[in-house]
Amino acid sequence: MNTLLSDFLQKPAFVVAPQLLGCILEREINGQIIRVRIVETEAYDQSDAASHSYKGPTLRTEIMFGEAGHLYVYFTYGMHYCCNIVTGKKGTGAAVLIRAVEPLDGLEYMHDLRPVSGVQVSNGPAKLCQALAIDKALNGHDLTELPLKLVIQKPLAARLITQTTRVGISQAQDSLWRFYITGNEYVSKL
DNA sequence: TGCCTGATGTTCT
DNA sequence: GAACATCAGGCAC
């Protein structure tokens, strides 16, 4: 594990989540590189009734309790994948859900995987997984290496970040743990 | 434009 | 057997 990335991610999820805004994800598929910028995140940890890790580690969630900097991919609603970046110290069960990304390079490959127009290609957690071909095969993947690599960028100014309650969940709805880049068109409107 | 619902698989109780 | 961190399409307004 890259020390810089490890240091960056070994903080609580609600600290890492806003700092991941603006960071780059590089996805390699069949030798082609797709680059996207993270524009919306949500923090989850074990104290959080909405988190998969709330009830302690299980076969499915053990990745969340592992080392920071790995990818936790889960399948939901019978047809969708969502991806999280594991954060915090080992055993804390914390992760940051990637809710939306903005394409930078390789948009044509994303369209091959998800043939829709405009921001629809990646303005939702399950959408971006489809557009980047992220599925269970990448569960537990180390984000310092291709085919999926996290590239840290300088933190954005606080004034560019909006902090709100989370969406699409039924528990702990009043925690202000959702973060997005103010005004970015790829942020999900839900 | 906005609400409602069906499609689906994995996990946990 | 029910819940689920969703999405897209259909329908009413």
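Numbered from 1 within each chain, the chains take letters A, B, ... in sequence-line order.
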Which listed nucleotide ([options]) is nearest to the side chain of [X]?
{"X": "A:K127", "options": "C:dT6, C:dA8, B:dT11", "result": "C:dA8"}
{"X": "A:N84", "options": "C:dA8, B:dC12, C:dA5", "result": "C:dA5"}
{"X": "A:I169", "options": "C:dA8, C:dA5, C:dC7", "result": "C:dA5"}

Determine, answering yes or no, if A:Y74 is stacked on C:dA5 under the 5.5 Å centre rule and the 30° plane rule.
-> no
Do NZ/NE/NH1/NH2 and the carboxylate oxygens of A:K90 and A:E67 come within less than 4.0 Å?
-> no
Should the pair A:R99-A:E40 be classified as a salt bridge under the 4.0 Å nitrogen-to-oxygen rule?
-> yes
Between [X] ([atom1]) and [N] ([atom2]), how many Å, whole number?
{"X": "A:Y54", "N": "B:dT11", "atom1": "OH", "atom2": "C1'", "answer": "18 Å"}
{"X": "A:F179", "N": "C:dA5", "atom1": "CZ", "atom2": "P", "answer": "19 Å"}
{"X": "A:R99", "N": "C:dA5", "atom1": "CZ", "atom2": "P", "answer": "11 Å"}
{"X": "A:R60", "N": "B:dT11", "atom1": "CZ", "atom2": "P", "answer": "7 Å"}
{"X": "A:M64", "N": "B:dT11", "atom1": "CE", "atom2": "P", "answer": "15 Å"}

For A:L9 and A:G69, work out which heavy atoms get closest and say how close.
-> CD1-CA, 3.3 Å
Go through the side-chain N and O atoms of A:T182 and A:T162 and say whether any donor and acceptor fall under 3.5 Å apart.
-> yes
For the pair A:F14 and A:W177, name the ring-plane relationship: parallel under 30°, tilted 30 to 60°, perpendicular over 60°.
-> parallel
Heavy-atom side-chain proximity of A:M110 to A:V36 below 4.5 angstrom | yes
Pairing nucleotide - B:dT5, Watson-Crick or G-U, each distance under 3.5 Å | C:dA8
Partner of C:dA2 by Watson-Crick or G-U wobble geometry, both contacts under 3.5 Å, or none?
-> B:dT11
Judged by nearest nucleotide, the residue sitting upstream toward the 5' end of DNA chain C, A:Y72 or A:Q130, is A:Y72
d(A:K154 NZ, A:C23 SG) to nearest 0.5 Å is 12.5 Å
When you check the phosphate oxygens OP1 and OP2 of [N], does a side-chain N or O of [X] lie under 4.0 Å from one of them?
{"X": "A:Q173", "N": "C:dA5", "result": "no"}
{"X": "A:R114", "N": "C:dA8", "result": "yes"}
{"X": "A:K55", "N": "B:dT11", "result": "no"}

Pairs: protein N or O with nucleotides 7-9 of chain B N or O, under 3.5 Å:
| residue | atom | partner | partner atom | Å |
| --- | --- | --- | --- | --- |
| B:dT8 | O2 | A:Y77 | O | 2.3 |
| B:dG9 | O4' | A:G78 | O | 3.1 |

May I ask you to say what A:A126 touches in the nucleic acid, namely base, sugar-phosphate or nothing, with a heavy-atom cut-off under 4.0 Å?
-> sugar-phosphate
